[in-house]
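Values reported hereafter were calculated over all heavy atoms of this structure, with side chains retained and with hydrogens, waters and symmetry mates removed. Proteins come first, then strands; the chains are lettered A, B, ... in the order of their sequence lines, and each starts at number 1.
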Number of protein chains: 2
Amino acid sequence: MYNKPKHRMTQQRSVILEEVRRDTDQHLTADEIYERVRKQLPRISLGTVYRNLEVLVELDEIQKLELSGSISRFDGNPKGHYHIRCMRCGRVDNAPVAPMQKLEDELYGSTVYTIIGHRLEFTGLCPKCSKTQEAETTIV
Amino acid sequence: MYNKPKHRMTQQRSVILEEVRRDTDQHLTADEIYERVRKQLPRISLGTVYRNLEVLVELDEIQKLELSGSISRFDGNPKGHYHIRCMRCGRVDNAPVAPMQKLEDELYGSTVYTIIGHRLEFTGLCPKCSKTQEAETTIV
DNA sequence: GTCTCTGCAAAGCATTTGCAACTGC
DNA sequence: GCAGTTGCAAATGCTTTGCAGAGAC
């Protein structure tokens with residue numbers, strides 16, 4: 001039968017975890033994490049960052065956000081919560097809304113799927129981009 | 001000042017639209033659309049498919065689904081509705097739940113973002129994968 | 001000592017883009 | 001006629017992977 005690999009706490013893994021958790025509001029991309037970790041471990045490779053982020057998600061230490069757009073972001077808070085993403089610059093912040101079990105209840109019984117969870121993402125413009133938007137409204 | 005390009009209805013564009021709309025429950029990937037369109041227009045290129053899907057989204061004829069996972073899917077129904085995705089095989093179906101304006105209202109006032117919309121996606125296991133799952137539960 | 005992890009570089013894969021020829025309108 | 005569009009191929013950008021040596025336990 002199959003045996004789960006036993007994960008080790010390497011220096012790389014611990015620094016990566018530390019960086020992702022430094023400010024849970026940040027929602028960094030793998031590349032941003034790489035740049036930050038590099039200040040402490042200059043020889044680390046991007047591949048190692050990706051591999052460790054994957055492991056940390058598996059260990060439920062962090063959360064991977066697969067929002068619209070192609071780049072994954074990582075959240076130092078592994079608990080379920082929602083996000084709001086700026087459609088213009090891609091910035092991601094937490095949405096101050098409590099998790100809603102109701103949503104899944106509403107679907108229950110009307111689908112042939114076994115429901116496991118839901119993902120709710122708000123879209124909008126961050127304050128900075130709202131301003132830019134106004135200035136450009138004259139176009140078209 | 002800037003002038004919007006005037007789109008033309010080319011043979012390629014019309015066949016692509018036809019295919020995406022053929023069965024609005026399908027949620028095809030760009031590659032799947034390419035394969036289908038190729039039966040009618042064997043010389044079409046994948047790049048053309050991508051470019052046209054982009055234009056059709058812009059014209060609000062179809063909708064681009066950027067769900068979890070890296071592959072975009074296209075929906076022949078441009079109206080807002082929700083989806084349920086199988087976590088195992090990636091299949092996407094419509095979730096029979098009415099659009100909820102409430103969700104945005106709940107966030108209103110408690111964020112500095114200008115809210116534009118929301119995206120709700122359910123995750124679960126499709127009937128086929130539910131079965132496989134059961135059979136494998138003994139592992140670990 | 002063993003089995004996981006690392007750095008490096010190359011590969012993978014969805015998507016985008018430059019370009020010259022073509023075609024709706 | 002001419003701006004928008006096409007096919008082709010190369011490029012892009014994020015992410016994954018193969019490998020041999022290094023390191024955790």
- [ ] Could you tell me which non-hydrogen atom of B:G76 sits nearest to which non-hydrogen atom of B:R21, and how far apart they are?
- [x]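 Taking B:G76 first and B:R21 second, the nearest heavy atoms are O-CG, 4.0 Å.
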
Nearest-Å distance, [atom1] ([X]) to [atom2] ([N])?
X	N	atom1	atom2	result
B:E35	C:dA14	CD	P	12 Å
B:E58	D:dG4	CD	C1'	12 Å
B:L46	D:dA9	CG	P	13 Å
A:Y34	D:dC14	OH	P	13 Å
B:E66	C:dA14	CD	C1'	12 Å
B:R73	C:dT15	CZ	C1'	16 Å
B:I71	D:dC14	CD1	C1'	14 Å

Can you check whether [X] reaches [Y] side chain to side chain, under 4.5 Å on heavy atoms?
X	Y	result
B:I115	B:L107	yes
A:H7	A:E58	yes
B:L125	B:C86	yes

Open item on the list: In terms of relative ring orientation, are A:F122 and A:Y82 parallel, tilted or perpendicular, with 30° and 60° separating the classes?
Closed with: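 A:F122 vs A:Y82 ring planes: perpendicular.
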
TODO: Between D:dA24, D:dC14, C:dT15, spot the one nearest the side chain of B:S72, thanks.
DONE: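 Closest nucleotide among those given: C:dT15.
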
Open item on the list: Measuring from the side chain of B:R8 (C-beta onward, heavy atoms only), which nucleotide among C:dT23, D:dT16, D:dT15 has the closest atom?
Closed with: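 Looking only at side-chain atoms, B:R8 lies closest to C:dT23.
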
- [ ] Indicate for each nucleotide in nucleotides 6-11 of chain C, in 5' to 3' sequence, whether protein heavy atoms under 4.0 Å reach the base (B), only the sugar-phosphate (S), or nothing (-).
- [x] BBB---

- [ ] Determine: side-chain N/O of A:Y50 to OP1/OP2 of D:dT15, distance under 4.0 Å, yes or no.
- [x]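 A:Y50 to D:dT15 OP1/OP2: side-chain N or O found under 4.0 Å.
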
- [ ] Using a cut-off of strictly less than 4.0 Å, decide whether A:H7 has a side-chain nitrogen or oxygen near OP1 or OP2 of C:dC5.
- [x]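 Yes.
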
TODO: Would you kindly compare A:V55 and B:M9 by the position of their nearest DNA chain C nucleotide and give the one closer to the 5′ end?
DONE: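 Result: A:V55.
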
Task: Test item: side-chain donor near acceptor, A:Q12 and A:R51, under 3.5 Å - done: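 A:Q12 vs A:R51: no donor-acceptor pair found between side chains.
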
- [ ] Go through A:R36 and A:V15 one step at a time and tell me if the side-chain contact (heavy atoms from CB on, under 4.5 Å) criterion holds.
- [x] CA-CA 10 Å; A:R36 294 180 189 216; A:V15 172; over 6 Å; no

